[in-house]
J.: 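There's a structure below that I have some questions on.
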Amino acid sequence: MGAFEGSDKTGERSKGRVVCVGLGPGDPELLTLRAHRLVSKARIVAYFRKKGRPGLARRMVEGMLAPGVEELAMEYPVTTEIPFEDPAYNGTLAPFYAEWAGRLKARAEAGEEVVVLCEGDPFLYGSFMHLQARLPAEMVEVVPGVTGMSGCWTASGQPIAWGDDVLTVMPATLSEAEMAQRIAHSDALVVMKIGRNLPRLRRALTAAGRLEAAWLVERGTMEGQRIRRMTEIPEDEEAPYFAILLLHGQGRRP
């Protein structure tokens, strides 16, 4: 994927692009060299955030941005206020993504480069995918990042998969019945999008007979990181947004 060629006011072809940079799981030292180079040289950076909050992606690059950089804060109209399964959720977010895709496209067509910051890897449950789907393919470049889940299973101090283990990655937004089925039939498991779904996930783990083997990693690789067995967590406790559950595979070992 290369630069997008548009037209400037003189009629000559100009080059601009939208570059989404994966920032990794949270620790700024886990940025790739390419990500660091793009972020530190950016003249325009855009990032998602909850209204009234600084945004994790922006906090991760504190001290890296060049003087005078233009910042575009893309503030979600909703986050957890509307249940994910409610049609109103997509109905509210779709115009938001369409608006920002249009704004970024206009900047690229004017010959500018916009660097969009994204936690983890942009193509693993990343919000940028909703912008990419609305932008010309030739205008977009995506820089992969260390995933949040790999940061979390490394923080746990145990390999996530051995030998012939099959690794399953699932969101905790699924129904309890479907989660229980996938848990029961997975060798190794990563569960994302937990938050207020933690009590439901606990019940699914219990139904699958695997509660005692489960670990919850909160804010993996970030300040305030905490790693606990699920059996140590109160039943009515919710998880922070950046939390991942792990079931380590026990397959063929040396």
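Count residues from 1 along the sequence. Hydrogens, waters and symmetry mates are skipped; everything else that's a heavy atom, side chains included, is used.
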J.: To the nearest 0.5 Å, what is the distance between CH2 on Trp100 and CZ on Phe48?
T.: 9.0 Å

J.: Does Arg210 offer a backbone N or O that forms a donor-acceptor pair with the side chain of Glu212 under 3.5 Å?
T.: no

J.: Enter the distance from Tyr97:OH to Leu131:CG here, rounded to the nearest 0.5 Å.
T.: 7.5 Å

J.: If you look at every heavy atom in Pro25 and Gly148, which pair is closest and at what distance?
T.: CB-CA, 3.8 Å

J.: For Leu189, is there any backbone N or O sitting under 3.5 Å from a side-chain donor or acceptor partner on Ser186?
T.: no

J.: With distance as the sole test, does Glu232 use its side chain to make a donor-acceptor pair with the main-chain N or O of Arg228 at under 3.5 Å?
T.: no

J.: Enter the distance from Tyr241:OH to Glu119:CD here, rounded to the nearest 0.5 Å.
T.: 7.0 Å

J.: Which heavy atom of Ala35 sits nearest a heavy atom of Gly22, and at what distance?
T.: CB-O, 3.8 Å

J.: If hydrophobic clusters are built from ILVMFWY residues whose side chains come within less than 4.5 Å, do Leu117 and Leu31 share one?
T.: yes

J.: Let's go through Leu56 and Arg59 carefully: what are the C-alpha distance in whole Å and the side-chain angles of both, what is the deciding distance for side-chain contact (heavy atoms from CB on, under 4.5 Å) to 0.1 Å, and is it a yes or a no?
T.: CA-CA 5 Å; Leu56 176 62; Arg59 294 201 305 270; 3.5 Å; yes

J.: Step by step, would you call Met179 with Met170 a side-chain contact (heavy atoms from CB on, under 4.5 Å)?
T.: CA-CA 8 Å; Met179 283 196 292; Met170 77 175 189; 3.6 Å; yes

J.: Between Arg17 and Glu141, is there a side-chain N and carboxylate O pair less than 4.0 Å apart?
T.: yes

J.: What are the two closest non-hydrogen atoms of Ile44 and Arg107, and how far apart are they?
T.: CD1-NH2, 3.2 Å

J.: Do the side chains of Leu23 and Val146 join up, straight or via other hydrophobic residues, at under 4.5 Å, putting them in one cluster?
T.: no

J.: For residues Ile244 and Val191, determine if any side-chain heavy atom of one lies less than 4.5 Å from a side-chain heavy atom of the other.
T.: no

J.: As a quick check of understanding, evaluate side-chain contact (heavy atoms from CB on, under 4.5 Å) for Val142 and Val19, giving each step before the final call.
T.: CA-CA 6 Å; Val142 176; Val19 185; over 6 Å; no

J.: Do the non-hydrogen side-chain atoms of Met60 and Met222 ever get within less than 4.5 Å of each other?
T.: no

J.: Please tell me if the side chains of Val114 and Val45 come closer than 4.5 Å, counting only heavy atoms from C-beta onward.
T.: no

J.: Donor-acceptor pair, distance only, cut-off 3.5 Å: does the side chain of Ser40 make one with the backbone of Arg37?
T.: yes

J.: Shortest non-hydrogen contact from Thr32 to Pro144?
T.: CG2-O, 4.2 Å

J.: Between Arg226 (side chain only) and Val217 (backbone N and O only), is there a donor and an acceptor less than 3.5 Å apart?
T.: no

J.: Rounded to the nearest 0.5 Å, how far apart are CG of Leu72 and OH of Tyr47?
T.: 8.0 Å

J.: Does His130 offer a backbone N or O that forms a donor-acceptor pair with the side chain of Arg134 under 3.5 Å?
T.: yes

J.: Any side-chain heavy-atom pair from Ser127 and Tyr76 closer than 4.5 angstrom?
T.: yes

J.: Within a strict 4.5 Å, meaning less than it, do heavy atoms of the Arg202 and Leu211 side chains meet?
T.: yes

J.: Do the non-hydrogen side-chain atoms of Ile233 and Leu198 ever get within less than 4.5 Å of each other?
T.: yes

J.: Between Trp215 and Gln158, is the side-chain contact (heavy atoms from CB on, under 4.5 Å) condition met? List the steps.
T.: CA-CA 11 Å; Trp215 293 79; Gln158 303 177 55; 3.8 Å; yes

J.: Using side-chain heavy atoms (C-beta onward) and a distance below 4.5 Å, is Leu201 in contact with Ile183?
T.: yes

J.: Nearest 0.5 angstrom please: Leu245 CG to Met149 CE, how far?
T.: 13.5 Å

J.: Same hydrophobic cluster for Ile160 and Met192, using side-chain heavy-atom links shorter than 4.5 Å among ILVMFWY?
T.: yes

J.: Among Arg49, Lys51, Arg53, Arg58, which residue meets the salt bridge (Lys or Arg N to Asp or Glu O under 4.0 Å) test with Glu75?
T.: Arg49

J.: Are Val61 and Leu38 linked, directly or through other ILVMFWY residues, by side chains that come within less than 4.5 angstrom of each other?
T.: yes

J.: Could you tell me if the side chain of Glu71 sits less than 4.5 Å from the side chain of Leu65, heavy atoms only?
T.: yes

J.: Assess whether a salt bridge exists between Glu223 and Arg219, defined as any Lys/Arg side-chain N lying under 4.0 Å from an Asp/Glu carboxylate O.
T.: no

J.: Rounded to the nearest 0.5 Å, how far does CG of Asp165 lie from CG of Asp187?
T.: 4.5 Å

J.: If you look at every heavy atom in Leu246 and Cys152, which pair is closest and at what distance?
T.: CD1-O, 3.9 Å

J.: Check whether Arg200 reaches the backbone of Ala172 with its side chain - one donor and one acceptor, N or O, closer than 3.5 Å.
T.: yes

J.: According to a 4.5 Å side-chain heavy-atom criterion applied to Ile, Leu, Val, Met, Phe, Trp and Tyr, with indirect links allowed, do Leu104 and Met139 form part of one hydrophobic cluster?
T.: yes

J.: How close do Pro171 and Tyr125 get, counting heavy atoms only, and between which atoms?
T.: CD-OH, 3.5 Å

